[in-house]
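Worksheet for the structure shown next.
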Amino acid sequence: MSEITEAPKKYTKKDFESDQDVRWCPGCGDYAILSAIQKMMPDLGIPRENIVFISGIGCSSRFPYYMNTYGFHTIHGRAPAIATGLRLARPDLKVFVVTGDGDGLSIGGNHLLHVLRRNVNVTILLFNNRIYGLTKGQYSPTSELGKVTKSSPAGSADRPVSPCAFALGAGATFVARTVDRNVAYMEETLRRAAQHHGAAFVEILQNCNVYNDLAWNVLYDRESKIMNELRLEHGKPLLFGPVDDRHGLVLEGATPRVVRVKDAPESVLWVHDDGNTWKAHVLSQLWAPDFPIPIGILMQVEAPAYEEVLLEQERAAIAERGPGDVAKLLVSGDTWRIG
Amino acid sequence: MSDAVASPATAAKPRRQLDRAVVRFAGDSGDGMQVTGEQFATEAAWAGADLVTLPNFPAEIRAPAGTLFGVSSYQLQFGSRRVYTPGDRLDCLVAMNPAALKVHQRDLKDGGLLIVNTAAFEKKNLDRAGYTGNPLDDPALEDHYRLHKVDITRLTMDALEGLPLNVKEKERCKNFFSLGLVSWIYTRPIEPTVAWITKRFAKNPAFAEANTRALKAGYHYGETAEIFTECYGIEPAEMPPGLYRSITGNRALAWGILAAAERTKLTVVYGAYPITPASDVLHEISLHKRFGVRAIQAEDEIAAVGAIVGAAFGGAIGVCASSGPGIALKAEGMNLAVMAELPIVIFDVQRAGPSTGLPTKTEQADLLMALYGRNSESPVVVLAPMTPGDCFFVAYEAIRIALKYMVPVIVLSDGYLASGAEPWLIPDPKTLPDIPVSFRTNPEGFAPYVRDEATLARPWVRPGTAGLEHRIGGLEKENITGNVSYDADNHDLMVRLRAEKVRRVAQEIPPTTVNGPAAGDLLVVGWGSTYGTITAAVEEVQQSGKAVASVHLRHLNPLPPDLGQILRQYERILVPEVNSGQLVRILRAEYLVDAVGFNRVRGLPLSTEEVREAIDQLLKDKR
Ligand SMILES: Cc1ncc(C[n+]2csc(CCOP(=O)(O)OP(=O)(O)O)c2C)c(N)n1
Ligand code: SF4
Ligand SMILES: [Mg+2]
């Protein structure tokens, strides 16, 4: 539907920086994400005025203020619904949704579910810091069981949800995970997400250095990262571990298992196929310490986008009977004349 | 009621002229009473009567047969003079089973016509209705009413003999027998119903034939059966000339949106989550994709309002409809539109009770919620249609105001208007007021909250406009720049500006129509769906020479600028409402007048009789 006639001018990162002072805490992982997104935007080749960032409420949701595009900082949890209405009204716009683990999975879990299952053509970035940042540090739906916070001094009793597993369960057509401290890789994943047709979901593991510092340390720490980070590459075996002792994954039936590469014939190794929805479900369940944490695109498949189906119905109705005419509608059906 | 005996040219039996009649069809929810009533209304309208209808159906989808709570009914008043209400007391009641008799008998006038289907008065149905004996055997029934015991079921079966239908299918045609009979009694033409049946059952000629036969059999039964000694004629009403149709409030709301979409050439996004009695707006809208109205059945009411706020941000018209429980959920979404100063329209088709309440019953108790039911200072425009047909104009006007002032507008309809129908003089859409739309495109001097001098509206910018990229949101913002601001004085200023913007909508309100003397003993003030009842009651009182007038408010926020002046011309002020006294509080607070309420909260419209009595009482109490 995008009717871009002239080739957009060549942008640089600077073109996407707004005049607002960025107000996150110094050291917050959100800075790296902002920078990665601003850097990746020129690659999309979309005129700046056709881009809209929609967010809910939370530290993460301040994001739109810092992008020199159109932006709407809305209501806690409701950004997916607002973005859906915007896409339906304006399918010519490129729409991003920025949300947090609380915003997207607690108060807005319902809307996130529906924007994904409808496959609305939006790029959803969920900043997962495993904490409620803006409200100063309560546990969130992604906090680990037993998490001690201000609102859970004895440890939280809530079992956490996996955002990627949630997204897959909801029927998302693009699901990926990235880490704020791996800027280059994050940029690449975000670009692929933004280029996806349909609802693209990216969980960005983000550090809240004030209320939940180093929650993702398994993936930050040089040492532990080696055994805990599983880089997903389409068409390549799932490998991790030290260079001299690579580990791999194999699937036995539906059950994943870790093997030492040197002990296993290459033919049994699980080769990543990002078009395989079944295996994506298994991938989304892998978590440390029993398994390495998958980073990258878990799955991407094509499906019709919600608003395009509706618009096609509109076009078909007009093609069949012509555009609506209110004067004719008012006199349709039973009428009678007086006088 | 003036009764004059006329000599009928065609009917063999004498025909008495009436100037109005109130008829109710009642039966089991499976008896087809809604169709019967709707068709009778169509016949009455064809014959030129003015009319108002009142459908009433159980909340349960498939209520057990024969039970009291499974009774479904359809009432209408039609007449040769202006008809304002579906009528209080019945001239004629058709009871298709014992439960229907039990529920509705008390509404029948003494001496009224009571037609019962005797076949349904058997042990099982009597038990289910809680009768210990057969009420038809009670001589008191015949003393009070003109009782006609008709074996409608058997007469229908006889009429359908030889048709290739089974017993059950044949029996189901009995409502058309009743319709035929009542059509004869009130000399209504059955042609429109025959045409309707033919169309409705086009794919099933046997059913078409059966229902037509049942209808005609009922009509002829009236003509020939000895128990009916007379029939009634009602002259066509004097109505403004033109082309008419029947319209319900919900359909009118939907069509009002379509008219605004056509006029503005803007896309409309309609967000909804199903809820009685608002769902029919969604159903109607969904039929009309050709008009550029994009309906989204959202996951809940929060998402529905969110979607339309998103659409409004995108430069489209955002509209959603719901009822009480759903409107409660929309509060935060509406407040985002208040802060972001975006145009959205919310229809609240009010229903009765807090929580789930009485979903299928009517009430006017969301007025204070519409005005004040959101956190902090949250001014929005509130409008209320007066009749089903008025819903069309008010929906259109709501969109016009929302776009002109960049404000949310709430429209308070209700269950009574939603499904009630009236003959509607079809307007020419060209005569509707213009809705000018101008999107800001000039970057020079642009800021998201620079304001129009006359309306205080901020510019509407379509994303996609180069050079106007900007960010807005629910955080308080600095006036003009729209930058996030925690400044104390700025907040105070913004609170005032948002209120003043809504206040200025008063410029749009035409002079208030006073029905009756411009000054006098008593003024009745109403709003919304009580229009018909109040007007009928006031006209009755006026006929007895009393200095009583009424005004009916379509604008509840802001109130009409001339209202204070009008209120002061009367000694007493009466405010009838289907709530515990909401508008009356506002009038007292706003104008310091000693207005008194008349309040009944039964899930039903007020009756003309009780409003008239309240007027009489207040006149008597006059200081
Ligand atoms: C209706 C409502 N309830 C509660 C809040 C308070 N609130 C604001 S942000 C937030 C949690 C944010 O957590 P998350 O989405 O994880 O964002 P983060 O700040 O961690 O980026 C809460 C509870 C609110 N703004 N609105
Ligand atoms: S509280 Fe945490 S998430 Fe919020 S800005 Fe500070 S560091 Fe970042
Ligand atoms: Mg968080």
Side-chain angles (χ1 to χ4, degrees), chain A residues 18 20 47-55 57 64-65 67-90 92-93 110-111 113-114 307 310-311 313-314 316-318 320-327 329-331 333-339, chain B residues 42 45-46 48 192 236 239-246 255 258-259 262 267 269 271 288-292 294 296 298-300 302-304 306-311 313-316 318 332-333 336 340 426-430 462-475 483-484:
Chain A
S18 82
Q20 300 290 302
R48 191 171 62 185
E49 64 271 17
N50 288 346
I51 298 170
V52 184
F53 276 81
I54 297 200
S55 64
I57 300 292
Y65 289 118
M67 293 296 298
N68 193 9
T69 61
Y70 281 90
F72 199 5
H73 176 223
T74 69
I75 315 174
H76 200 18
R78 320 301 175 196
I82 289 155
T84 301
L86 177 60
R87 277 289 305 166
L88 200 53
R90 298 292 308 280
D92 54 324
L93 299 174
N110 192 30
H111 308 304
L113 160 69
H114 292 283
E307 61 275 35
L310 282 181
L311 285 169
Q313 291 177 354
E314 185 178 296
I318 292 170
E320 196 183 315
R321 295 175 55 207
D325 180 334
V326 172
L329 175 70
L330 297 186
V331 299
D334 283 343
T335 59
W336 62 94
R337 189 165 286 284
I338 289 178
Chain B
T42 306
W46 267 57
M239 313 230 285
L243 193 64
Y244 281 75
R245 66 170 307 127
S246 166
W255 287 7
L258 302 183
E262 183 175 276
T267 296
V269 171
H288 301 294
K289 292 195 182 284
R290 300 185 298 131
F291 290 78
R294 298 175 186 162
I296 161 169
E299 54 270 28
D300 58 24
I302 299 174
I308 71 164
V309 173
F313 179 75
E332 208 189 359
L336 177 62
I426 300 171
D428 177 354
K430 286 203 286 291
R462 273 166 57 97
T465 312
L468 296 188
E469 293 87 350
H470 65 279
R471 280 68 50 193
I472 58 170
L475 286 170
N483 289 336
V484 173

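Chain A is the first sequence line, chain B the second, and so forth, proteins listed ahead of strands; every chain is numbered from 1. This structure is a prediction, so every number in the text was calculated from the model and none was measured.
Contact of A/Gln20 with chain B is made through the side chain alone, with heavy-atom distances under 4.5 Å. Contact annotation for B/His470: both backbone and side-chain heavy atoms come within less than 4.5 Å of a heavy atom of chain A. A/Thr74 touches chain B through backbone and side chain together, each having a heavy atom under 4.5 Å away. Both the backbone and the side chain of A/Arg48 come within less than 4.5 Å of a heavy atom of chain B. Heavy-atom distances place the side chain of B/Ala340, and not its backbone, under 4.5 Å from chain A. In this structure, the portions of A/Ala327 lying under 4.5 Å from any heavy atom of chain B include both its backbone and its side chain. Heavy atoms of B/Pro240 lying under 4.5 Å from chain A belong exclusively to its backbone. Heavy atoms of B/Glu332 lying under 4.5 Å from chain A belong to its backbone as well as its side chain. Within the 4.5 angstrom heavy-atom criterion, only side-chain atoms of A/Val52, from C-beta onward, approach chain B. Residue contact with chain A, scored on non-hydrogen atoms closer than 4.5 Å, involves the side chain of B/Val269 exclusively. Using a 4.5 Å cut-off between heavy atoms, A/Leu93 contacts chain B through its side chain alone, with no backbone atom that close. Both the backbone and the side chain of B/Ile472 come within less than 4.5 Å of a heavy atom in chain A. When heavy atoms are compared at a cutoff of 4.5 Å, A/Arg78 approaches chain B solely by way of its side chain, counted from C-beta outward.
Between the side chain of B/Arg245 and the backbone N or O of A/Leu330, at least one donor-acceptor pair lies under 3.5 Å. Looking at B/Glu262, its side chain does come within 3.5 Å of a backbone N or O of A/Val326 through a donor-acceptor pair. With B/Arg290 contributing its side chain and A/Gly322 its backbone, the two residues share a donor-acceptor pair below 3.5 Å.
The aromatic rings of B/Phe313 and A/Tyr70 sit perpendicular, their planes meeting at an angle over 60°, well past the 30° parallel limit.
Taking B/Pro429, B/Gly474, B/Ala316 one by one and counting their heavy-atom pairs under 4.5 Å with chain A, the maximum is reached by B/Pro429. Per-residue counts of heavy-atom pairs under 4.5 Å with chain A were compared for B/Val309, B/Asp300, B/Asn483; the largest is that of B/Asp300. Contact tally against chain A (heavy-atom pairs below 4.5 Å) for B/Ile426, B/Leu258, B/Asp428: the top residue is B/Ile426.
Atoms NE2 and CD, on A/His111 and B/Glu299 in that order, are 5.5 Å from each other to the nearest 0.5 Å. From A/Asn110, atom CG reaches atom CD1 of B/Ile302 across 8.0 Å, with rounding to the nearest 0.5 Å. One finds the NE2 atom of B/His288 at 8.5 Å from the CZ atom of A/Arg321 (value rounded to the nearest 0.5 Å). Atoms CZ and CG, on B/Arg471 and A/Asn68 in that order, are 5.0 Å from each other to the nearest 0.5 Å.
Taking the side chain as every heavy atom from C-beta outward, B/Arg294 and A/Leu310 never approach each other to under 4.5 Å.
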